[in-house]
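We count ligands from 1, going down the list as the structure has it; atoms in each ligand are counted the same way.
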Amino acid sequence: MDQQAVATLLTPEGWALLESLPPYDEHGAMALGEQLRRAGHAPELVSAALTQSRLRAAGERKFGPFAAGMLFTPAGLEQATRLPVAARHAARFATAGATRVADLGCGIGGDAMALAGLELGVLAVERDELTAAVATVNLRHWAEAEVRHGDATTTDLGDLQAAFLDPARRTSSGKRLLDPRAGSPPLSFALELAATMAAVGVKTAPGIPHHLLPDGCEAQWISVDGDVVEAGLWFGLAARPGVRRCALVLSDAGAAEVTDADMPVAVPGEVGAYVYEPDGAVIRAGLVAQVAVQVQGRLLDRSIAFVTADRYVETPLATCFAVEEVFPFGLKSLRTWLRDRGVGRLTIKKRGTAVDPDQLRKQLRLQGDNEATIILTRVSGRQSVLVVRPLRRAGAGVPA
Ligand SMILES: C[S@@+](CC[C@H](N)C(=O)[O-])C[C@H]1O[C@@H](n2cnc3c(N)ncnc32)[C@H](O)[C@@H]1O
């Protein structure tokens, strides 16, 4: 999707053609293209419209039904914040009392749309010309949203008191950057804004090391359906008093959050009837102890993110497994255990052990019609095998 293709789509004929296309069907796309060309549409327009139709279909994953009225570039869609998360970002600014927010590096406008949707004025700045044009189209419904093509670090922000930044986190060769100092715009720029503005938010990679968390911010790790999608850093009025780290778990079942506002101490103890694997956002936020408290449990090991408890407690913050057996880890004993039970399919979960599951699976020479799930981990310092039965996935439905 280049500049020319977007320009073609923005002609009255181009837009009408795009809007007239049926829901995208990969298998029917060639035939549809042929039919449109035979009907007299220029091949470049047909190609641009079908590409955009495919991107809109892919965009539904992030934007739901709104994708059908949006424009995308492949890179812009990949980098865009999904709507439920963008809505949370926007809500921070609304709660902070902001009336106009700068979105500095707005991409195709995912976050800017959520801000505008809450009736906040938006100044969206994007340095890539094509992406800025796409954002302009996506923000067309909101009179209070302005898209400016330019470098955010040199844009005059006037008296704006609120800014959001979702810096590009890839090198020119496409490699992912974990360190927010290397993003564009860089973290240093965001920190300068945070020092002078009333409310600032920065989206960073979920793997941001804790030692890079700037002083005085609230860091929020968010997972969506089990995938940790970001760590947001919130400053000034966009941060909540008394919260430094928190994890927000979003799924079809709703939203659940733990914060460090009240930091319990979790101690390791004996394996109970259940093991809980905390959601990735909880682990990244370093808030496993909160899950232990919630399920009235204890850690399997002081340094490992598994919680064990004697009873089942419904929580969207962790996936629960019933413990069926526990024994010390050893290749021979594990192989014998599996062979005696005819286990041919084995799910291996591991934490705190160097074992390579694929290699182990080969060494176990699995045979039989039965299946099993094992957790390889340390229990109070000892390498152990826990044979478990999954009860539910974090955030999904009711216990099996
Ligand atoms: C991760 S994307 C933003 C995605 C956006 N939040 C969304 O939901 O659609 C980052 C964007 O920042 C832009 N960018 C990077 N450095 C910039 C700068 N100095 N000024 C303006 N835009 C910049 C990139 O071109 C890219 O489109």
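Counting only N and O atoms by type, the side chains of K203 and T81 include a donor and acceptor under 3.5 Å apart. For the residue pair D279/S223, the side-chain donor-acceptor check at 3.5 Å is satisfied. Remark: the E314 side chain and the Y312 side chain contain an N/O donor-acceptor pair separated by less than 3.5 Å. Residues Q294 and T315 bring a donor and an acceptor atom of their side chains to less than 3.5 Å of each other. If you check the side chains of Q220 and E230, you find no donor sitting under 3.5 Å from an acceptor. Side-chain contact annotation: W142 with E119, donor-acceptor N/O pair under 3.5 Å absent. Side-chain contact annotation: H41 with Q35, donor-acceptor N/O pair under 3.5 Å absent. No side-chain donor from either of S380 and R302 sits under 3.5 Å from a side-chain acceptor of the other.
Below 3.5 Å of separation, one finds no N or O of Q79 facing any N or O of ligand 1. In terms of N/O distances under 3.5 Å, ligand 1 is approached by D166. The shortest N or O to N or O distance between D128 and ligand 1 is not below 3.5 Å. Remark: ligand 1 and R127 share an N or O pair separated by less than 3.5 Å (distance only, no angle test). Considering backbone and side-chain N/O of A80, none are found under 3.5 Å from N/O of ligand 1. Between D103 and ligand 1, a contact under 3.5 Å exists for no N or O pair. When only interatomic distances are considered, the shortest N/O to N/O separation between L104 and ligand 1 does not fall below 3.5 Å.
Of the protein's non-hydrogen atoms, the one nearest atom 12 (O) of ligand 1 is G105 CA, 3.3 Å. Residue, atom and distance of the protein heavy atom nearest to atom 16 (N) of ligand 1 are S184 OG, 2.6 Å. Distance from atom 8 (O) of ligand 1 to its nearest protein heavy atom, with residue and atom name: T81 N, 2.9 Å.
Look at P185 and you'll find a heavy atom under 4.0 Å from some atom of ligand 1.
Distances below 4.0 Å separate heavy atoms of G110 from the following atoms of ligand 1: 7 (C), 8 (O), 9 (O). Here is the list of ligand 1 atoms found below 4.0 Å of a heavy atom in I108: 9 (O). Atoms of ligand 1 lying under 4.0 Å from at least one heavy atom of G150, given by number and element, are 20 (N), 21 (C). Remark: ligand 1 atoms within the under-4.0 Å shell around heavy atoms of D111 are 6 (N), 7 (C), 8 (O).
Between F164 and F93, the ring-plane angle classifies as perpendicular under the 30° and 60° cut-offs.
Contact annotation for C106 and ligand 1: only backbone heavy atoms (N, CA, C, O) come within less than 4.0 Å of the ligand.
Taking every heavy atom of both residues into account, A281 and L248 meet most closely at CB-O, 4.2 Å.
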